[in-house]
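Before any comments, here is the structure.
In listed order, ligands and their atoms are each counted from 1.
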Amino acid sequence: MTIKKIGILTGGGDCPGLNSVIYGIMLKAYDADIECVGILKGWKGFMENLTIPLNIAEHDDLHTIGGTILYTSRTNPFKGAISKEHVAHILVDKLEELEIDALIAIGGDDTLSVADAMHKYARANVIGCPKTIDNDLAGTHYTFGFWSAVQLASNAMDNLTTTARSHQRVFVVEIMGRDAGFLTMYSGLSAGADIILIPETPFDFEKDIVEVLRNRVNAGYKYHIIATSEGAYPRNESLLRDFKTISKDTIDKLPKDTYGNPLLAKLNISKIIVDELTLRKDLKSEFQKNGIDFECRSVVLGHTMRAGTPNSFDRILGLRFGLAAMKLVLEGKFGNMVSLQGNKIKTMPLSEGVKKKYITAENDKMELRDLLVKIRYLSKQK
Ligand code: F6P
């Protein structure tokens, strides 16, 4: 089949570097004499025929601009579907109706799972491009947007140290990443956070927070930065033993994701940690013994982490992903997605690439975190 016109859509949370991918696709498409159509608002716009022409002459330096000019949504046409095959054929008919010969979907696991199902059940001409600031997609070493978000969070924590130092306070900084802790781990290490909490290693409030703060204040530290993922949560035994402001019931009553797991990101864990710390009279007297008022504050970085322009790494990764995705279209290698392996752009089946990725126990960042937290106070005690 000769490809004359392609569609591009962006789905899921926005991310610095989306426009860079779109521009990379457009550069190669123009060179290959292929028309590009933008599908607005992800799969929602695809179902509702919301399209715009994409004329490269009108988009100079698009790769430098944050967000997505195509808008985005979290619509998943397969949600609640009884027959995936049926939905896949409806979506393929849609491609024909829009006179689009192939589609490049840019998104996270949810958006790409739609492209995967379209190919699996209806052999649709689809290519995927992995996106999420969370970096939790198995198919690629890094997603674009991740390093821009890490830098923003790291800068925020660097900046917070001045006010933390002036007031001699404990700051609990909540960082995006509902399922995986990559953003918190990398930005926490980068900024030298004093405690780093991630979903992959549920924390013990007494051991991982109270005891560390006690050791730090006795070693002479006067302010403290705790970096926590929005999806970090306490171990069961700690929840039962240490917590006064929440219980297991609080977690059980949270709204659930599509797999039935509680949406821990809705907990506002930084506020809970601050509330629990504030109740700890023992810790307060430990601080006062060292001449410090015990004051704790929480800061939720939230969407500031997805905001602004992509950094150079993400601009270039986005352009490379876009170029590679367009090449896959030209080669007719549908059902695949582009990925970064080491420094090389590779191809992998969508079905493999959309799986989730987490920080594993053997990851050297885990060891670095544990050393960073304890060696500082231990070395001062000697
Ligand atoms: O998936 C990326 C992400 O940024 C998560 O880290 C965060 O939990 C979520 O999106 C927030 O999504 P929304 O913009 O829909 O609130």
Side-chain angles (χ1 to χ4, degrees), residues 9-19 21 41-45 66-68 70-76 79 105-115 128-140 142-154 156-157 173-188 196-200 227-233 251 254-259 261-272 298-311 314 317-318 321 337 353-359:
L9 69 76
T10 53
D14 76 330
C15 175
L18 278 167
N19 282 330
V21 179
K41 300 189 185 180
W43 294 114
K44 177 177 160 56
T68 166
L70 298 180
Y71 311 119
T72 185
S73 73
R74 291 199 186 273
T75 301
N76 182 334
K79 200 171 174 193
I106 314 166
D109 57 332
D110 199 36
T111 304
L112 295 189
S113 70
V114 175
C129 177
K131 171 257 25 159
T132 164
I133 60 162
D134 297 356
N135 197 41
D136 58 353
L137 278 173
T140 186
Y142 290 114
T143 46
F144 59 86
F146 171 67
W147 282 106
S148 301
V150 166
Q151 193 66 63
L152 280 167
S154 175
M157 284 186 275
V173 185
E174 188 169 321
I175 294 163
M176 271 195 175
R178 45 192 165 170
D179 304 317
F182 292 98
L183 286 168
T184 305
M185 182 65 106
Y186 282 68
S187 61
I196 299 174
L197 308 172
I198 59 171
E200 289 89 336
T228 178
S229 292
E230 60 182 354
Y233 59 98
I251 294 184
L254 283 171
K256 309 279 184 295
D257 67 12
T258 38
Y259 307 103
N261 301 317
L263 287 166
L264 294 163
K266 303 251 181 247
L267 262 184
N268 194 355
I269 191 69
S270 58
K271 182 178 176 303
I272 292 168
S298 68
V299 175
V300 179
L301 297 186
H303 293 87
T304 61
M305 291 183 58
R306 293 211 309 241
T309 54
N311 68 10
D314 289 333
L317 181 59
F321 272 177
M337 61 173 245
V354 299
K355 289 182 185 155
K356 282 275 201 181
K357 173 176 78 180
Y358 302 96
I359 306 184

Check your understanding: Mind checking what residues have non-hydrogen atoms under 4.0 angstrom from ligand 1?
Key ->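 Ligand 1 is contacted, at a heavy-atom distance under 4.0 Å, by Arg74, Ile133, Asp134, Met176, Gly177, Arg178, Glu230, His303, Arg306.
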
Practice item. For Pro16 and Phe144, work out which heavy atoms get closest and say how close. Key: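 Heavy atoms of Pro16 and Phe144 come nearest at O-CD1, 3.5 Å.
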
Exercise for review: Decide yes or no for Val21 and Lys131: does some side-chain heavy atom of the first lie under 4.5 Å from some side-chain heavy atom of the second?
Suggested key: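 No, side chains not in contact.
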
How would you list, by chain and number, every residue that makes a salt bridge (Lys or Arg N to Asp or Glu O under 4.0 Å) with [X], sequence neighbours excluded?
X	value
Lys44	Glu48
Asp110	none
Asp136	Lys356

Exercise for review: Mind telling me whether Tyr186 and Phe182 have parallel, tilted or perpendicular rings, with 30° and 60° as the class edges?
Suggested key: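 Phe182 vs Tyr186 ring planes: tilted.
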
